Amino acid sequence: MPKITFSNRNNEFYQSLKSAVDEYFEKKHVKKTGDWRLFSKTIILISAAVVAYCLLMFASLPALAALALCGLLGYTLACIGFSVMHDANHGSYSTKPLLNDFLGLSMNFMGASSFFWKQKHNIIHHTYTNVDGIDDDIAKSPIIRQCESQRWVPAHKVQHLYLVPIYALSTIFWLFIMDFTKYFTHKIYTTDAWKMTTKNHIIFWATKILYVAFYMVIPIMVWGFLPWLAGFFVMHAFMGLTLSIVFQLAHVVENTEFETIALDETKHIETAWAEHQIKTTANFAMGNKVISWFVGGLNYQIEHHLFPRISHVHYPAISKIVQEKCAEYNLPYNQYPSMMQAIASHFRVMKYLGKKPVAVQQQVQAA
């Protein structure tokens, strides 16, 4: 597996930033974990998902209304993922580890495995952000090409046109393919997966079976196969598209940087870890409280990558400190004023990456 290290000899920026952020919490006399804002959001979102599911199972609904409700359920599940699952699995939801672990399992009830996600996201992605060859979040080649170091194939010429259906199907791929690939290969992309305990195995299979029961078997019994299939795809289309777009806006937009490493390479990056996070990450719609509420503060990805153990409800406040420190240390602070501007930037990047690289053109001409 590839190995990469950062140059933390000059870590003055992060030390200064961390001290300033710690001082903020001390002066405000607040915990870094969630508060009533997160707890009330949890109740609202989980209640909304339960009500939507129960209406679909027990109410007599017209077909279009049922499909719309499936879409709303998928969107709500994505929001639970952003706000509840994400904070819980980072350990920033509560000071109580058992509560974090319990709410982190909300991911399993959306079809995925929190066990693999914790390593894939918390360890690999947050340490090696945008490092092609390690970061599983940008390892979607050859379906889509997310950075210049990845192999180009002719289909990429139109990848900006087929991104939406790919993103819409992403959670179905995750549910039926990616988790099982990690489970049976014991690898997360190029990294060896953590060894699973008996408890981990039981939770993995038990929650997969429960997912099949609640989202497939029972709905088929209630609605029949074809209506269920339509609703299942609509639900996942809304969930997959919402999750994919929000996470892509964090790293695959203009001005964010990428690194690359070969499979058996050992590489040293001449920058500190915190500075790497700054250069590979972007924020969007920072002034939009509605978007912040629904995406669980993940429009403040810079703050999240620097302080993943701080709950997202605090990101708007500490973003001011981060911006000041970035200016003080002459570091970039990538941000887009609106979500639509960030989406437009992502699609421009993907269109650019779909063009045939000059090196490939030269190889074809030489042949």
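What you see is a predicted model, and the numbers here were worked out from it, not measured in a lab. Note: hydrogens, waters and symmetry copies are ignored here, and every other heavy atom, side chains too, is used.
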Less than 3.5 Å apart, which donor and acceptor atoms pair up between the side chains of residues 177-185 and the rest of the protein, not counting sequence neighbours?
{"residue": "Asp179", "atom": "OD1", "partner": "Trp174", "partner atom": "NE1", "Å": "3.2"}
{"residue": "Asp179", "atom": "OD2", "partner": "Ser113", "partner atom": "N", "Å": "2.8"}
{"residue": "Asp179", "atom": "OD2", "partner": "Lys208", "partner atom": "NZ", "Å": "2.9"}
{"residue": "Thr181", "atom": "OG1", "partner": "Ile177", "partner atom": "O", "Å": "2.8"}
{"residue": "Tyr183", "atom": "OH", "partner": "His201", "partner atom": "ND1", "Å": "2.7"}
{"residue": "Tyr183", "atom": "OH", "partner": "Trp205", "partner atom": "NE1", "Å": "2.8"}
{"residue": "Thr185", "atom": "OG1", "partner": "Thr181", "partner atom": "O", "Å": "2.5"}
{"residue": "Thr185", "atom": "OG1", "partner": "Lys187", "partner atom": "N", "Å": "3.4"}

Identify every side-chain donor-acceptor pair in residues 214-229 under 3.5 Å, counting partners at least two apart or on other chains, and give the distances.
{"residue": "Tyr215", "atom": "OH", "partner": "Phe109", "partner atom": "O", "Å": "3.4"}
{"residue": "Trp223", "atom": "NE1", "partner": "Leu56", "partner atom": "O", "Å": "2.7"}
{"residue": "Trp228", "atom": "NE1", "partner": "Tyr215", "partner atom": "O", "Å": "2.7"}

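Applying the 6.0 Å contact sphere to NZ of Lys118 captures more than 12 heavy atoms from other residues, nucleotides or ligands. The environment of Leu64 atom CG is sparse: at most 12 non-hydrogen atoms of other residues, nucleotides or ligands sit within 6.0 angstrom. The local environment of CZ in Arg309 is sparse, with at most 12 non-hydrogen atoms from other residues, nucleotides or ligands closer than 6.0 Å. Within a 6.0 Å radius of CZ in Phe102, no more than 12 heavy atoms belonging to other residues, nucleotides or ligands are found. Heavy-atom neighbours of Glu12 CD from other residues, nucleotides or ligands within 6.0 Å: at or below the threshold of 12. Atom NZ of Lys267 has more than 12 neighbouring heavy atoms from other residues, nucleotides or ligands inside a 6.0 Å radius. Atom CZ of Phe307 has more than 12 heavy atoms from other residues, nucleotides or ligands within 6.0 Å. Annotation: Met340, atom CE; neighbour count of heavy atoms from other residues, nucleotides and ligands within 6.0 Å does not exceed 12.
Ser244 and Ser170 are linked by a side-chain donor-acceptor pair at a separation below 3.5 angstrom, with hydrogens and angles left out of the test. Inspection of the Asp22 and Ser19 side chains reveals no N or O donor paired with an N or O acceptor under 3.5 Å. Using modelled atom types and a 3.5 Å distance limit, the side chains of Asn283 and Tyr333 yield a donor-acceptor pair. Checking Glu254 against Ser345 by side-chain atom types alone, a donor-acceptor pair falls below 3.5 Å.
Here ring pair (Phe, Tyr, Trp, His ring centres under 6.0 Å) pairs that include residues 24-48, with residues two or more places apart or in two chains, are Phe25-His314, Phe39-Tyr93.
At least one side-chain heavy atom of Asp137 sits under 4.5 Å from a side-chain heavy atom of Lys120. Side-chain contact check for Asp35 versus Lys31: every heavy-atom pair is 4.5 Å or farther apart. Between Tyr329 and Glu275 there is no side-chain heavy-atom pair separated by less than 4.5 Å. Side-chain contact between Thr281 and His251 is present, with at least one heavy-atom pair separated by less than 4.5 Å.
Under the salt bridge (Lys or Arg N to Asp or Glu O under 4.0 Å) criterion, Glu257 pairs with no residue, sequence neighbours left out. In terms of the side chain to side chain contact (heavy atoms under 4.5 Å, CB included) criterion, residue partners of Leu105 (sequence neighbours excluded) are, by chain and number, Asn108, Ser114, Ile203. Contacts of Tyr352 classified as side chain to side chain donor-acceptor pair (under 3.5 Å), with partners at least two apart in sequence or in another chain: none.
Leu175 and Ile166 fall within the same hydrophobic cluster, where Ile, Leu, Val, Met, Phe, Trp and Tyr residues are linked whenever their side-chain heavy atoms come under 4.5 Å apart, directly or through other members. Hydrophobic clustering places Ile291 together with Leu38 (ILVMFWY residues linked when any side-chain heavy atoms are closer than 4.5 Å, directly or through intermediates). Follow the hydrophobic side-chain contacts under 4.5 Å out from Val30 and you reach Ile310 in the same cluster.
For the pairing with His304, the side-chain hydrogen bond (donor to acceptor under 3.5 Å, both in side chains) check across Gln277, His90, His312 returns one residue only, His90.
A salt bridge does not link Glu148 with Lys355: every distance from a Lys NZ or Arg NE/NH1/NH2 to an Asp or Glu carboxylate oxygen is 4.0 Å or more.
Classified by interplanar angle (parallel below 30°, tilted 30° to 60°, perpendicular above 60°), the ring pair Tyr315/Tyr300 is tilted. Ring geometry for His126 versus His305: interplanar angle under 30°, hence parallel rather than tilted (30 to 60°).
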- Tell me, with the steps shown, if Glu23 and Ile321 meet side chain to side chain contact (heavy atoms under 4.5 Å, CB included). CA-CA 11 Å; Glu23 183 181 355; Ile321 301 172; over 6 Å; no
- side chain to side chain contact (heavy atoms under 4.5 Å, CB included) between Leu77 and Met235, worked out: CA-CA 9 Å; Leu77 291 174; Met235 180 187 75; 4.2 Å; yes
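Taking all atoms of both residues into account, the shortest heavy-atom contact from Asn11 to Ala272 is OD1-CB, 3.8 Å.
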